[in-house]
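Single-structure report; data block below.
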Amino acid sequence: MRQEKKSRRGSLVTGVTSAPYELWAVIFILVPLAFVAYYAFTDNAFRFTTANVARFFTATSSVTGADGDPVQTRTYLVIAWRSVKLAVIATAVCLLLGYPLAYIISRASAKAQKTMMTLIMIPMWMNFLIRTYAWMTILQDTGILNNFLAALRLGRVHIIGTQTAVIIGMVYDYLPYMILPLYSIMAKMDYRLIEAARDLGCAPAGVLRRVILPLSMPGVVNGITMVLIPSISTFYISQKLGDGMFFLLGDAIEGQYVAGNLHFAAAIAFILMVALLAAMALMRHLTDKYTYGGQ
Amino acid sequence: MAKKIIELKNITKSFDGQVVLDNISLDIYDNEFLTLLGPSGCGKTTLLRLIGGFETPDAGDILFTGERINDLPPHKRNVNTVFQRYALFPHLNVFENVAFPLRERKVPRDEIEARVTEMLSMVALTGFERRAVTSLSGGQQQRVAIARSLVGRPQVLLLDEPLAALDLKLRKDMQQELKKIQKATGVTFVFVTHDQEEALSMSDTIVVISEGRIQQIGTSLDVYNEPKNAFVADFIGESNIVDGVMLADRSVSFSGHTFDCVDGGFGKNEAVDVVVRPEDVDIVPEEKGHLTGVVTSVTFMGVHYEVIVDIGGFKWMIQTTDFVDVDEHIGLFIEPDAIHIMKKSKYSGLYGDYASFSNEFDELSDAESEADE
């Protein structure tokens with residue numbers, strides 16, 4: 001807040017030095033967003049229309065229901081719900097895996113911390129398509145995992161093409177984004193606070209619940225944001241690991257774009273963006289209000 | 001004497017092969033204010049952490065009211081700690097910080113309210129309940145830390161250099177206050193400090209530690225007036241420590257003169273360390289002195305002058321309210337009861353000469369040693 005005020009009153013020097021960044025932000029952030037909005041609310045002849053946005057909410061398709069009869073569903077709302085559901089599950093798994101891991105890393109020796117953080121970052125250096133293909137070869141019915149299980153005479157599991165496979169892919173891709181903010185806040189945590197809690201009568205579980213958890217809440221919120229947003233809009237993982245059975249919003253945008261329906265693709269992207277911004281604003285509000293360390 | 005509350009028996013502790021505590025044995029009694037005093041790195045904080053349960057001894061036993069507690073975790077010990085720099089929980093307000101141990105024990109709501117209120121009034125923080133601890137001054141944070149560690153009614157309170165971060169004036173006030181709180185609550189205080197003045201003014205018992213060993217245990221008066229060795233004499237107060245020879249009981253020779261003294265029980269012609277406190281030396285005309293010397297420096301300290309006198313190549317410090325000038329030849333008069341005789345120890349010859357003395361140098365090395373901790 002204070003910094004903002006300062007820059008508003010800023011001298012010519014600050015104005016000149018920050019100009020390139022402002023220009024960057026305008027060209028690469030604001031202009032593209034404006035284009036998305038513009039396309040979302042225009043038709044092929046660039047006349048104003050709300051049809052694209054409306055189509056997202058009203059388009060229906062017919063699927064076979066549980067009793068075998070065709071059922072009409074709202075196509076994109078179903079896709080959106082599925083995207084949210086998978087993203088929430090993936091985020092929850094990332095949090096459950098990432099939180100203890102980040103804590104363990106933050107309490108290790110300086111050298112071990114460096115090594116472990118590097119190991120966590122290394123997969124991020126690989127292309128995301130390659131990582132997804134790697135998971136295909138692992139999870140396939142005749143893949144590495146199943147061959148391994150068979151060799152141990154444990155029988156085979158069918159994972160590829162299931163929701164589980166898609167979630168595994170998402171968790172693998174986005175886990176580092178959960179660990180990084182958690183680790184950075186835990187590494188800064190004063191160890192004497194933990195000792196003080198022990199001294200004042202807390203068993204280890206109490207220390208976690210009453211001191212470590214509340215103090216790391218800002219990291220938890222950041223981690224959730226960093227994983228939830230890309231998971232909701234992800235595509236390709238679902239196509240490859242889900243065998244195309246779990247069509248997500250990201251896939252829908254890609255599909256419409258490839259099919260040349262730029263305006264409808266933009267409409268889906270626009271709605272997703274608005275929903276995410278609203279969710280982020282809500283989260284920020286809750287953090288500020290209920291957790292220590294919110295601004 | 002009162003009953004023993006903590007007994008340390010032959011405690012040894014090393015870190016990475018470095019011996020930090022070497023065969024320490026110490027009894028701590030109920031309702032006493034005991035101070036562990038020593039330079040940084042002497043092992044006093046480690047000793048405190050052993051009692052608190054944050055370290056375990058390599059050898060030896062820790063007894064709490066007669067029971068061995070070597071492996072009892074901190075949360076199961078009826079001992080609380082006031083940490084250096086307080087370690088207050090930044091996500092909780094003043095009230096919740098103090099209520100922390102009570103909530104853990106599921107104390108009923110209205111009892112928590114009553115006990116926290118009582119504690120806050122004891123440390124003069126009534127009205128600060130809803131304040132964020134991060135908005136408090138150092139002295140106020142210190143009070144919150146004390147209230148938080150006493151609210152659970154521990155039998156022993158451990159204080160790890162709690163006043164080190166406060167400025168001088170506040171530190172003096174807090175010394176008085178801590179002493180008062182200790183008397184009022186009857187809780188045994190084990191206080192760690194490297195500040196000898198603080199130790200002298202607050203403690204019932206002072207334990208002087210150096211290099212992982214206890215050098216002396218005694219009251220403030222004991223360790224000041226009857227230091228056991230050159231280390232204690234030098235660390236507590238200012239001391240002139242010179243080599244002497246015990247000619248007979250109550251007769252000692254040093255600096256080329258034979259003095260009457262009040263100590264005895266040494267061997268005939270035994271080499272000893274002789275301590276004379278700077279404030280116990282009287283300046284007299286040259287011809288009336290036991291010793292004579294030349295003034296090499298005079299520093300005005302407020303209440304007194306600090307005079308360095310060269311006596312046969314050995315620099316003495318004298319504190320006096322009489323003015324003398326540099327290069328003046330003066331006589332020194334020493335009463336028998338101002339002379340304290342100590343057995344030779346491994347610290348002999350290391351301390352007590354003011355040849356390289358300067359106030360600035362002293363402060364510099366103090367600042368360095370504090371940064372180490």
Side-chain angles (χ1 to χ4, degrees), chain A residues 1-2 99 102-103 106-113 181-224 283-295, chain B residues 16 45 48-49 51-55 72-93 96-107 116 119 132-135 141 144-154 156-162 165 373:
Chain A
M1 279 304 265
R2 197 173 302 150
Y99 194 90
Y103 182 71
S106 73
R107 291 289 156 250
S109 71
K111 204 177 148 194
Q113 286 191 27
L182 283 172
Y183 164 76
S184 75
I185 205 152
M186 285 173 177
K188 276 187 292 185
M189 206 180 286
D190 186 351
Y191 190 71
R192 278 168 306 186
L193 295 178
I194 295 167
E195 285 195 340
R198 302 264 286 143
D199 188 71
L200 295 167
C202 282
V207 179
L208 178 66
R209 186 173 56 82
R210 299 189 63 198
V211 178
I212 300 173
L213 211 50
L215 285 178
S216 59
M217 263 336 263
V220 171
V221 172
N222 273 340
I224 289 178
M283 210 126 97
R284 183 64 24 108
H285 173 73
L286 292 178
T287 329
D288 288 357
K289 202 161 173 192
Y290 296 110
T291 70
Y292 159 75
Q295 320 268 272
Chain B
D16 303 323
T45 294
L48 203 71
R49 290 174 62 81
I51 300 172
F54 298 108
E55 309 284 354
L72 201 65
H75 64 280
K76 291 187 177 156
R77 297 189 182 198
N78 199 4
V79 167
N80 283 346
T81 309
V82 175
F83 290 86
Q84 219 172 359
R85 299 186 200 281
Y86 330 129
L88 299 178
F89 301 118
H91 59 298
L92 301 176
N93 63 23
E96 285 305 321
N97 260 281
V98 178
F100 190 94
L102 303 180
R103 296 222 188 277
E104 192 63 28
R105 281 186 230 163
K106 311 253 183 300
V107 172
V116 172
M119 273 298 145
V133 290
T134 43
S135 73
Q141 291 190 25
V144 176
I146 291 165
R148 185 181 67 174
S149 56
L150 282 172
V151 76
R153 295 175 188 153
V156 177
L157 186 68
L158 309 175
L159 302 103
D160 186 5
E161 305 234 15
E373 274 187 328

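Note that this is a predicted model, so its numbers are computed, not measured. Order of the sequence lines sets the chain letters (A, B, ...), proteins ahead of strands, with each chain counted from 1.
Heavy atoms of B/V82 lying under 4.5 Å from chain A are absent altogether. Using a 4.5 Å cut-off between heavy atoms, B/F100 touches chain A through backbone and side chain atoms alike. For a residue to count as touching a neighbouring chain, one of its non-hydrogen atoms must lie under 4.5 Å from one of that chain's; by this rule A/D190 does not touch chain B. When heavy atoms are compared at a cutoff of 4.5 Å, B/L158 does not approach chain A at all.
Chain A forms the most heavy-atom pairs under 4.5 Å with one residue out of B/R105, B/K76, B/R103, and that residue is B/R103.
Here the closest non-hydrogen pair linking A/P204 and B/H75 is CD-CE1, 4.1 Å. When all heavy atoms of B/A87 and A/A196 are compared, the pair lying nearest together is O-CB, 3.9 Å.
Interatomic distance, B/F89 CZ to A/I194 CD1, rounded to the nearest 0.5 Å: 9.5 Å. Atom CZ of B/F83 is separated from atom CD of A/E195 by 5.5 Å, given to the nearest 0.5 angstrom. Expressed to the nearest 0.5 Å, how far CZ of A/R210 lies from CD of B/E104 amounts to 5.0 Å.
Using a 4.5 Å heavy-atom cutoff, the side chains of A/D199 and B/S149 are not in contact.
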